[in-house]
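Values below: all heavy atoms of this structure, side chains included; hydrogens, waters and symmetry mates excluded. Throughout, a chain's letter reflects where its sequence line sits, starting with A, and its residues are numbered from 1. Please read these numbers as outputs of a predicted model, since none were measured by experiment.
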Number of protein chains: 2
Amino acid sequence: MTNNIKVLRAIKNISQEDLAKKIQVSRQTINAMEKGKYVPSTVLALKLAMFFETPVESIFTLESDD
Amino acid sequence: MTNNIKVLRAIKNISQEDLAKKIQVSRQTINAMEKGKYVPSTVLALKLAMFFETPVESIFTLESDD
DNA sequence: TTCAAATGTAAAGTTTATTTTACATATTGA
DNA sequence: TCAATATGTAAAATAAACTTTACATTTGAA
């Protein structure tokens, strides 16, 4: 699975740290997520979708190996 | 977070076991998810959304304590 | 250039998702 | 009723998410 959190963050001009605070996770969680180091929970995905005002499907994309 | 997988499953008339096979998880994962026993991964949410041909947001709903 | 803010990363620890096995109960059709 | 299928659940084990701390590197503005 891939995501475009980094781009969405750039559009909203918000740092990893501030985003982390907004959705109540650690900064490292945001960083690791952007780097594709792990698959976030659905709660996290929904919170990001709410924050960025966009569907979950426009943030996260399944890949063939998922 | 809540979900309406049970309803969607009823509409499509598919058993927990068959759904589990379709999205490649164990039947217990489907059962526990329906029962709200844990929060699935985003990969799982996206697979369910694809299978049920509906947005992730229409399957899962954040609650105040999320 | 210099300082501060932002980002990348890593290791250790905790919590939680998911699997496997197993069994009990419920439901439904013949 | 009987048998098959579906569902609920539980315990133990494993994998993975997420946190905390800590430090190094990058970037951008003054």
Side-chain angles (χ1 to χ4, degrees):
Chain A
M1 198 187 60
T2 61
N3 70 75
N4 44 28
I5 296 166
K6 190 167 187 172
V7 171
L8 292 168
R9 207 163 50 69
I11 293 170
K12 283 231 174 189
N13 193 32
I14 186 177
S15 70
Q16 291 182 346
E17 184 158 19
D18 285 346
L19 176 57
K21 279 175 188 159
K22 283 279 185 185
I23 63 180
Q24 304 177 82
V25 290
S26 70
R27 180 180 64 83
Q28 284 74 358
T29 293
I30 300 293
N31 188 283
M33 218 167 40
E34 283 189 9
K35 290 286 175 178
K37 290 197 179 163
Y38 64 71
V39 174
S41 74
T42 299
V43 165
L44 200 33
L46 288 172
K47 283 183 174 182
L48 288 166
M50 280 195 65
F51 179 79
F52 289 121
E53 298 174 293
T54 193
V56 169
E57 282 87 346
S58 82
I59 304 179
F60 298 94
T61 308
L62 282 179
E63 286 180 309
S64 44
D65 59 323
D66 288 324
Chain B
M1 196 188 59
T2 62
N3 70 74
N4 44 26
I5 296 166
K6 191 167 187 171
V7 172
L8 292 168
R9 208 164 48 70
I11 292 170
K12 284 230 172 188
N13 193 33
I14 185 176
S15 69
Q16 291 182 347
E17 183 157 20
D18 285 346
L19 176 57
K21 279 174 188 159
K22 283 280 185 186
I23 65 179
Q24 304 176 80
V25 290
S26 70
R27 180 179 65 84
Q28 285 74 359
T29 294
I30 301 293
N31 188 283
M33 219 168 39
E34 282 189 10
K35 291 285 175 179
K37 290 197 179 162
Y38 62 72
V39 174
S41 73
T42 299
V43 164
L44 201 32
L46 288 173
K47 283 182 174 182
L48 288 166
M50 280 193 66
F51 180 79
F52 289 120
E53 299 173 291
T54 193
V56 169
E57 283 87 348
S58 81
I59 305 179
F60 298 95
T61 308
L62 282 179
E63 285 180 310
S64 44
D65 60 323
D66 288 324

Exercise: identify the closest heavy-atom pair between A/Ser41 and B/Val39:
CB-CG1, 3.9 Å
Hey, does A/Ser26 reach any base, or is it just sugar-phosphate, or nothing, if we go heavy atoms under 4.0 Å?
base
A/Ile23 CD1 to D/dC18 P, in whole Å, measures 10 Å
Quickly work out the A/Lys37 NZ to D/dC18 P distance and round it to whole Å.
15 Å
Using atom CZ of A/Phe60 as one end and atom P of D/dA17 as the other, report the distance to the nearest whole Å.
12 Å
Quick one: bend of the helix from C/dT1-D/dA30 to C/dA30-D/dT1 from 5 pairs per end, to 10°?
60°
Does this structure show an ion pair linking B/Glu53 with B/Lys12, if we count only N-O contacts that are shorter than 4.0 Å?
yes
Sub-3.5 Å donor-acceptor pair from the side chain of B/Glu17 to the main-chain atoms of B/Arg27, do we have one?
no
Atom NZ of B/Lys47 to atom C1' of C/dT18: distance rounded to whole Å?
12 Å
Can you tell me which nucleotide in C/dT7, D/dG8, D/dA17 comes closest to the side chain of A/Tyr38?
D/dA17
Main chain of B/Ala10, side chain of B/Asn13: is a donor-acceptor contact present, judged purely on distance under 3.5 Å?
no
Between A/Glu57 (side chain only) and B/Val56 (backbone N and O only), is there a donor and an acceptor less than 3.5 Å apart?
yes
Using OP1 and OP2 only, check whether a side-chain N or O of A/Thr29 sits under 4.0 Å from D/dA17.
no
According to a strict under-4.0 Å criterion, is A/Arg27 in side-chain N/O contact with OP1 or OP2 of D/dT20?
no
Is A/Lys6 close enough to C/dG8 that one of its side-chain N or O atoms is under 4.0 Å from OP1 or OP2 there?
yes
Taking for each residue the nucleotide of DNA chain D bearing the nearest heavy atom, is the 5' side occupied by A/Ser41 or by B/Glu17?
B/Glu17
How long is the line joining CG of A/Leu19 and P of C/dA6, in whole Å?
13 Å
Please report, rounded to the nearest Å, how far the P atom of C/dA6 is from the CD1 atom of A/Ile5.
18 Å
Does C/dT7 have OP1 or OP2 under 4.0 Å away from a side-chain N or O of A/Asn31?
no
OG1-CD1 distance between A/Thr42 and B/Ile59, expressed to the nearest 0.5 angstrom:
9.5 Å
Starting from P on D/dA17, measure out to CD on A/Glu34 and report it in whole angstrom.
16 Å
Quick one: does any side-chain atom of B/Asn3 pair with a main-chain N or O of B/Met33 as donor and acceptor, under 3.5 Å?
yes
Round to the nearest Å and state the distance from A/Lys21 atom NZ to D/dT19 atom C1'.
16 Å
Let's test your reading of the model: under 3.5 Å, does the base of D/dT21 pair with the side chain of A/Gln28 as donor and acceptor?
yes
